[in-house]
2 protein chains.
Amino acid sequence: MLAGIKDVAAKAGVSISTVSYVMSGKRSIGAATRQKVLQAARELNYMPNAQARFLRGEPTKVLALSSPLHEYTDYSNYAVFFFALAMRAKRYGYDILLLMHEYGDQELARIAASGMVDGILLLDVVMCDARADVAKTLNLPVVAVGYPTNSDGIYSVDLDFERMGREAVEKAYALGHRHILVSGTSGGAYDDGSNYLVRFLGAAQKRGGDLGVSVLFKAATGNGRDDVNLMLDEAFAEDPAITMIICQTNAAHITNVLSGLRDRGLEVPKDVSVLAACTYGLGSLPRPVDEMPMIPNDTCSRAVDVMMEVLQGKRDDVGRVELLQPRYVARGSVTSCR
Amino acid sequence: MLAGIKDVAAKAGVSISTVSYVMSGKRSIGAATRQKVLQAARELNYMPNAQARFLRGEPTKVLALSSPLHEYTDYSNYAVFFFALAMRAKRYGYDILLLMHEYGDQELARIAASGMVDGILLLDVVMCDARADVAKTLNLPVVAVGYPTNSDGIYSVDLDFERMGREAVEKAYALGHRHILVSGTSGGAYDDGSNYLVRFLGAAQKRGGDLGVSVLFKAATGNGRDDVNLMLDEAFAEDPAITMIICQTNAAHITNVLSGLRDRGLEVPKDVSVLAACTYGLGSLPRPVDEMPMIPNDTCSRAVDVMMEVLQGKRDDVGRVELLQPRYVARGSVTSCR
DNA sequence: CTGAAAGCGCTTACAG
DNA sequence: CTGAAAGCGCTTACAG
């Protein structure tokens, strides 16, 4: 049914190597022969079988994206990363093979051995990521969106969350704030590998210590109004002098922090400054809030760019971690301490 | 670097065919030999090269998803379809190769010839879809999420929008409504192939004609407040007796329809009934609205199921169009005509 | 300017 | 119970 190179050769009355050379253009072919071959190929609707070429080690123009996807995955958040990677890859003419396996390791090895992809992108990277170890044994370039501790053997691209933590505290310090609350959600996320939360918080606390600023961390049990109010109660009980809150969470949580402050008769930013960090797609808040956002588009784009550089042989610095500079978006919710 | 079957055979001191049979289990092998081979394979971290197997026509456990993705694609809507397909495929052990080409045809042929995938899913199907024609020439099963007019040669799965249009009008008729407005956005979408809009509207108007009900169609120039108000002005000018509005749009548009009605002193549902059709993820409206929703999860899941049936050789009815029954979700915004 | 042949890494009839 | 060899559809040195 599907015509092969043999069919074309037969139809054109030439050898298969001639057909191959006509198709690839890697050898000059007599005009007459060339025409016969092209004609035959067209009539038979011939398409070279990519599989056979891949077997010979030619590039597939496909990038694997390893990203455990669960029934309970939050699409709306996830999609931003996914499409950022996909669109950037497309720009280079690459398609994306989405690997949704739960436990990345074997699947990764299987795909690498298959020769079906030119490189592998890692998403949802945890602190110590098993996939990074497997990656070293592969003969395929691997670029992680995120920054695992075992980052040798792969390339990593991430937003510099430690720097973000430092800069947030420095900003507060410069404005005269000496009592800061870092507010997060559900302590669990900090434990099981959402490394950016840990890195941001650690750096913020460290820098706070250096500058002599009190940095109190409180994780609400949820993003609901009651959860947040309870968290605020505890925080102000522990440190009544808080003048700045850094919310390392999401729109729902921040909304409730804002209304919680209003309920306590605290005005933003006169009495308390509020900064959102590690957030994205903040959507509609009751009032604009200063933000040090995640920049998934930038991070993902850069990850694909790095992959391309590696594929083009422009790099040989495996293990390199590239950290993007955090941004600060001022919206009037952070001012100098009264 | 990466061990091949030859390496394993050499290490185990057997022939490559023996290794192959041990790995596949398609022949019984002496226990001792078997152990030697498995041992060698383990030590060399051997992975059979899938490419070589695909070359021989074995399944790849990958489904291509042909879906033109543009810089301006609305991710949040698109993501629902994408992930619905991906999750369902995952359940069968299949991964997804996302093809983001603009003009599906050649790309599709290329991938089919490559043997890289076992089947092809079509998304963003337009009325007459070029990809459906290409599909016929491929020796790979193709399932479309959507229902092109040239649906022979492929399998199609879609929500039955014509039936939805009929039922919406019948429902209105049964409740005594005789003057209905179907409200859409940006006429363009109706022209360039968003076939479900066309099908719904056509069927609604046809059924209206049969039943002697006036079905007026108005497309707002946008979803903004002013666009919608202008549309409502025109509609009521043309038919002051409207008692039911069917919004074939989205949350923003419906929100503005609701407030537009309120501004005109019309109460929902006492004065005017409001029904949302062809919508999904309606999110937060000022008030709950009856809905005949798109059911992307169902449609996509079913599309993957059909693909699996075809791959398992359980079907030979190419060209079959499967239409899912529309649902009606009552939320109190539609009542009998006053 | 063109062809016969080896080889990519496997699987599987064909022999023994 | 196991091995030598053909073949999947191409590409590319090697010959002519």
Side-chain angles (χ1 to χ4, degrees), chain A residues 1-38 40-41 44-61 109-118 138-140, chain B residues 1-38 40-41 44-61 109-116 118 139-140:
Chain A
M1 154 122 213
L2 212 59
I5 196 171
K6 282 193 299 201
D7 305 305
V8 179
K11 180 145 198 158
V14 298
S15 73
I16 60 163
S17 44
T18 298
V19 176
S20 176
Y21 283 119
V22 168
M23 301 316 279
S24 69
K26 293 196 178 171
R27 179 147 102 177
S28 50
I29 301 283
T33 321
R34 205 179 123 73
Q35 283 314 317
K36 272 191 305 184
V37 170
L38 289 175
L44 293 171
N45 196 7
Y46 170 67
M47 285 277 165
N49 179 317
Q51 217 67 40
R53 304 221 300 231
F54 302 157
L55 187 55
R56 305 185 46 84
E58 299 189 12
T60 66
K61 291 297 229 171
R110 197 202 96 199
I111 290 296
S114 84
M116 218 177 337
V117 301
D118 295 341
L138 273 27
N139 53 348
L140 234 42
Chain B
M1 157 118 210
L2 212 58
I5 198 171
K6 283 194 300 201
D7 305 305
V8 179
K11 180 143 195 162
V14 299
S15 73
I16 61 163
S17 44
T18 300
V19 175
S20 177
Y21 283 120
V22 168
M23 302 316 279
S24 69
K26 292 194 180 175
R27 179 146 102 177
S28 50
I29 300 284
T33 321
R34 205 179 124 73
Q35 283 314 316
K36 271 192 305 187
V37 170
L38 289 175
L44 293 171
N45 197 7
Y46 170 68
M47 283 278 165
N49 180 318
Q51 216 66 37
R53 306 220 299 231
F54 302 157
L55 186 55
R56 303 186 48 85
E58 301 190 10
T60 66
K61 293 295 228 172
R110 199 203 96 200
I111 290 295
S114 83
M116 218 176 339
D118 295 340
N139 53 349
L140 233 42

Would you mind telling me which of dC10(D), dC10(C), dA4(C) lies closest to the side-chain atoms of I5(A)?
->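 Given the options dC10(D), dC10(C), dA4(C), the side chain of I5(A) is closest to dC10(D).
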
Among dC8(C), dG3(D), dT2(D), the nucleotide that comes nearest once only the side chain of I29(B) is considered =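 Of the options given, the side chain of I29(B) lies nearest dT2(D).
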
Nearest-angstrom distance from the residue atom NZ of K6(B) to C1' of dA5(D) |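 Interatomic distance, NZ of K6(B) to C1' of dA5(D): 15 Å.
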
Rounded interatomic separation in angstrom, taking CD1 from I16(A) and C1' from dT2(C) | 13 Å

Separation between CG of L44(A) and NZ of K11(A), rounded to the nearest 0.5 Å = 5.0 Å

Side-chain N or O of [X] versus OP1/OP2 of [N]: is the shortest distance under 4.0 Å?
{"X": "Y21(B)", "N": "dA13(C)", "result": "no"}
{"X": "T18(B)", "N": "dG3(D)", "result": "yes"}
{"X": "S20(A)", "N": "dT11(D)", "result": "yes"}
{"X": "K26(B)", "N": "dT11(C)", "result": "no"}

Where do I5(A) and I16(A) come nearest, in terms of heavy atoms and distance?
-> CD1-O, 3.5 Å

Where is the tightest heavy-atom contact between V14(B) and K36(B), given as atom of each residue plus distance?
-> CG1-NZ, 4.5 Å

Is the shortest heavy-atom distance from the side chain of V37(A) to the side chain of I29(A) under 4.5 Å?
->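 No, side chains not in contact.
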
dA4(C) pairs with which nucleotide, Watson-Crick or G-U wobble, both distances below 3.5 Å?
->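 None - no nucleotide pairs with dA4(C), as no candidate has both distances under 3.5 Å.
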
Paired with dA13(D): which nucleotide, if any, by Watson-Crick or G-U wobble criteria at under 3.5 Å for both distances?
-> none

Distance-only donor-acceptor test (3.5 Å): side chain S17(A), base dA5(C) |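 Side chain to base: no pair present.
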
Heavy-atom donor-acceptor pair, R27(B) side-chain to dT2(D) base, under 3.5 Å =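 It does, because a donor-acceptor pair links the side chain of R27(B) to the base of dT2(D) below 3.5 Å.
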
